[in-house]
S.K.: 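One structure, as structure tokens, below. Some questions next.
In what follows, chains are A, B, ... by sequence order, proteins preceding strands, each numbered from 1. The figures here come from the full heavy-atom set of this structure, side chains too, leaving out hydrogens, waters and symmetry mates. Since this is a predicted model, take the numbers as computed values, not measurements.
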Amino acid sequence: MAHEEVQKRESKWQKLWSDKQAFEANPDKRQKFFCTFPYPYVNGLPHIGHTFTMMRVDAFARYMRSQGRNVLFPQAWHATGTPISAAAERVADGEEKQIKILKDFGVEDSELKSFEKPEHWIKYFAPRYKRDVQKLGMSIDWRREFITTNLNPHYDAFIRWQFLVLKDKGYVKKGKHPVVWCPKMNTPVGDHDRISGEGETPQEFVLVKHKLPDGRFMVSATLRPDTILGLTNTFVNPDAEYTEVDVDGETWILGEPGAKRLAQQGFKVTEKGTVKGSDLVGQKTKEFGDREVLVLPATFLDAKVGTGLVHSVPSESADDLIALQNLQADAGFCKKHGLDMAEVSNIHPIEILDTPEIGKNPAQFYLDKYEVKSQNERKKLDQIRKELYKHSFYNATFSNKYKAVFDRNLTGVPIQEAMSYVTDQLVEAGWAVRYYELTGPVVTRANVDAIVKVVENQWFVTYSDLEWKEQTHKAIKATKFYPESVRAQFEHVVNWLNNWACTREHGMGTRLPWDDQWLIESLSDSTIYMAYYTVAHKIEEVPLEQLNKKFFDYLFLGKGEKPAYPGIDKLRDEFLYWYPLDFRNSGKDLVQNHLTFMLFHHCAIFPEEHWPRSIGVNGWVTVDGQKMSKSLGNVIPVETLLEEYGADATRITILNGGEGMDDPNWDSSFAKGMGPKLEGLLRQATDLKDYKRGNDTPADAWLHSRLHEVIRDVSAAMERTDFRTAIQLSLFELGQVVKWYQARVKVPNKGVLREVLEAQLLMLQPFIPHTCEEAWEILGNDGFISHTKWPAYDSSRIDPGLDEAENMIRDLVDKVRKSGSKDVTIYLAAEWKRKAYEEFDKVVEKSRNPFDITKALMATPLKQHGDELQRLIKFLVKGRIPSYVPTEKDERAWLASAEDFLAEIAGSVKVLEAGEGDSPKKNSGLPGKPALG
RNA sequence: GCGGGGGUAGCAAAGUCUGGUCAAAUGCGUAGGCUUCAGGGGCCUAUGGCCUAGUGCCUUCGAGGGUUCGAAUCCUUCCCCCCGCACCA
């Protein structure tokens, strides 16, 4: 439990920030900085995972403020899409799981009824979510908060405008689209609407026709239409009953479930009758490529799967091969079905593909590998099918059998490159039809099996448009990425992205302006809304009827006639001041959709100068080293974190958890330890409040030197959004520096300590703002630390020599302490090093080739200090200045300065002159290391 | 399979781009000691192995091979882990 004091302190500053409008951003003369994270979806409350992304933006925003930038950091609420409305329906249905979720959020029984309405979720969760965010001390301009969907007619108008612009540019088009569908509810079923079958998607199959002598077609389904040339026969289940249906004037024979699925996918299917599998056995079908093959019986077929019958490619399918072999070995079974045994025995696999490492008959290879004896060994065969498909699809190439079959010679072409081409050719020739099937069974919330439905009239955003892609690539080039390494991923996504179905029939959202049976899908409506933030707090005053396309065209694009609305100039000015977006941060999962969409849409709608400037991407939070999951029960709500640790400890712990693309870890023991650490800062402030900064003595020079090094490095880390590094340096490293300083000088100069503390607070302010404000106040400073400038960095105060000296003394102290000895003798051992440097200079004058230098030096007596020389060469190669080498005088001065200090630890300290007594043994390292005696 | 990110001491994590100051920062954990310290406290020390205990030696940075006077770092082969591969927030 965080102390009451902590909570009181934090709410005190939050109230002050809010009362004094500390983070409300308005255009002024300063350079601006506009940063955002994706607005949260309000079907619940924030947890530890949400805080990381938010915190990164807040820390960056606070840093930028301290750099003198005018920072806009707004936040809104996302309600578009199906999850809330689906959840509301579940509440209405009295579903226990859903009700428990609500109760876990603290919803009372009496309130449950209102959650049957989607709008209530927003009304309920947005304010509570906001309270949590505020309690974390986010520096957000709350005047600009809003919600999405038609519940907010102004925003709704903005989204409609966005789509009108896209449509004008030809980026929204109509087409067909397969979706996972609930036949009971008549809606698409996303992952969250499923009882089971998460992750299953529609998969394109190809229906292949096999013509019976009487003109009817047996229809098989396959994932590998490319293997058509290896077809040797078809298999039907002799005991099954197949359906005979009319499809576009043809008579097709297939299993009943398959026929139903066809109907769902827009095929005109009329049932005509039934056919027994056994009646088909023994007939001959005509195939693509003008061949005739036998219909054979097989027992492994399931009428529910595919069309309930298959065509057989025994060279490429282990199922087919083993079925064939089993049949060939069972004369009785053949006879029972009236087959000519000789004819059956004469069927051999046809080799059609070259599969590396396996050869031309992969089916046989895998049967041998897994020692499959019967077509009923389903487990092994299922495993084989997966393995073989993967291996073959990605690695195999077409053999010379494919030379002259299609319009194009496919010999040597990889399967994955030409599979869809083969399908096209088969479809064109009338032998095949595309259709979809689920990759696995899906049970919907309504407790029925989901199907694939091909939605007609679906609207797409045409991300496949090459010109558009090219523009987006251009935008990526101009964008700064944090970390830089995600750039490659964005490049890839832009290339890979295909048309995106951007409308839904159900859920919440904005109606498509020209076709209002459709709602705009949630990822598509949230691509350029950052522009809306710039005017969100003012646009609500604009009468709705004025918010037409012309209005937004002028406001955001400066196009067309100026609207009559009197405040339009102000709105336009505010937009022009804040846009473009300077920084957007989100989890890495959004790279392949939202963040890339954002770039696409900005390219399509805005001129180049309004494209986003930088994008930050971060990993997924883990908790004490474990993945977050409901089942582990380690999804910690922000409320709990605040109660347990308080805002500052939570903030700094999560940001200390990781940086770059690594998954940040929430380390609860670190969070616990932060409490006392923060109190320590306040104690220091209290201790130093009566001292003035700036009247330092020569003895403090080292402290200044280290301080400015830290300022330099922390600033650089902040610029890279490497917040973990910044925390490590400004909190721990600087803490150690101060500790050493205090140990070293008997009477610390409190004026200088105050200066260091102030700098430290300024650097920590982005992470632990409440504590820093409090300490700032204790020190008697005016104004918010949140509004105070970052500590000035002065490179002239950095003196590597001083550091060398302090390191020497520190080494000395370590050694002495370790030895426990009371009498210490120190050799001024830097002598050899000085000589080495001289020698080095001489050689370098002759040649700058590192190899020559090495060789030359190795010939001198100094080779025994090879390590040191190599180090010098490195400096030379890199064009840097060699590290500081103290003179003997320096060395003595340092020792003198530490005399008292050393005497305290050791009884007596004796300094030996160079050359006096036993000189240090070989490979003497750093100067001044003591020999003990 | 494709795209991206990783593999460093008990844990987390820095170091890798730009090879040498690296037996490897820092934090946590653990152990010991100190502080008249009471109740998430502070400070010091230790935390790869070995012993002759040192300015010592040996062995380490997923595994193997290579380049180099020198490799956690560069090249190469391989193994393993994570994320994404969509119509969903």
S.K.: Reading RNA chain B from 5' onward, which residue's closest nucleotide shows up sooner: Asn593(A) or Val486(A)?
M.R.: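 Residue closer to the 5' terminus by nearest nucleotide: Val486(A).
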S.K.: Among Leu512(A), Asp525(A), Thr148(A), which residue meets the side-chain contact (heavy atoms from CB on, under 4.5 Å) test with Ile159(A)?
M.R.: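 One option only clears the test, and that one is Asp525(A).
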S.K.: Would you kindly give the CG-to-P distance between Asn665(A) and U26(B), to the nearest whole Å?
M.R.: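 So the CG-P distance, Asn665(A) to U26(B), works out to 20 Å.
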S.K.: Which base sits across from G41(B) as a Watson-Crick or G-U pair, both distances under 3.5 Å?
M.R.: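 Its partner is U35(B).
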S.K.: Watson-Crick or G-U wobble partner for G29(B), using a 3.5 Å limit on both distances?
M.R.: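 G29(B) is paired, partner U47(B).
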S.K.: Examine A89(B): is either OP1 or OP2 under 4.0 Å from a nitrogen or oxygen in the side chain of Thr82(A)? Give yes or no.
M.R.: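 True: Thr82(A) side-chain N/O within range (under 4.0 Å) of A89(B) OP1/OP2.
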S.K.: May I ask which nucleotide in the shown strands pairs with G84(B), Watson-Crick or G-U wobble, both distances under 3.5 Å?
M.R.: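 Result: C2(B).
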S.K.: Counting just side-chain N and O atoms, does Arg683(A) come under 4.0 Å of either OP1 or OP2 of G42(B)?
M.R.: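 The answer is no; no side-chain N or O of Arg683(A) sits under 4.0 Å from OP1 or OP2.
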S.K.: May I ask you to decide if Ala726(A)'s main-chain N or O and Ser730(A)'s side chain share a donor-acceptor pair within less than 3.5 Å?
M.R.: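 Checking the backbone N and O of Ala726(A) against the side chain of Ser730(A), a donor-acceptor pair under 3.5 Å is found.
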S.K.: For His47(A) and His50(A), take the angle between the two ring planes, folded into 0 to 90°, and tell me which bin it lands in: parallel under 30, tilted 30 to 60, perpendicular over 60.
M.R.: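 It falls in the tilted class, 30° to 60°.
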S.K.: Quick one: does Lys469(A)'s side chain have a donor or acceptor within less than 3.5 Å of a partner on Asn495(A)'s backbone?
M.R.: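 Confirmed, Lys469(A) side chain pairs with Asn495(A) backbone.
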S.K.: State the pairing partner of G20(B); accept Watson-Crick or G-U wobble contacts with both distances under 3.5 Å, and report none otherwise.
M.R.: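 By the stated definition (distances under 3.5 Å), C69(B) pairs with G20(B).
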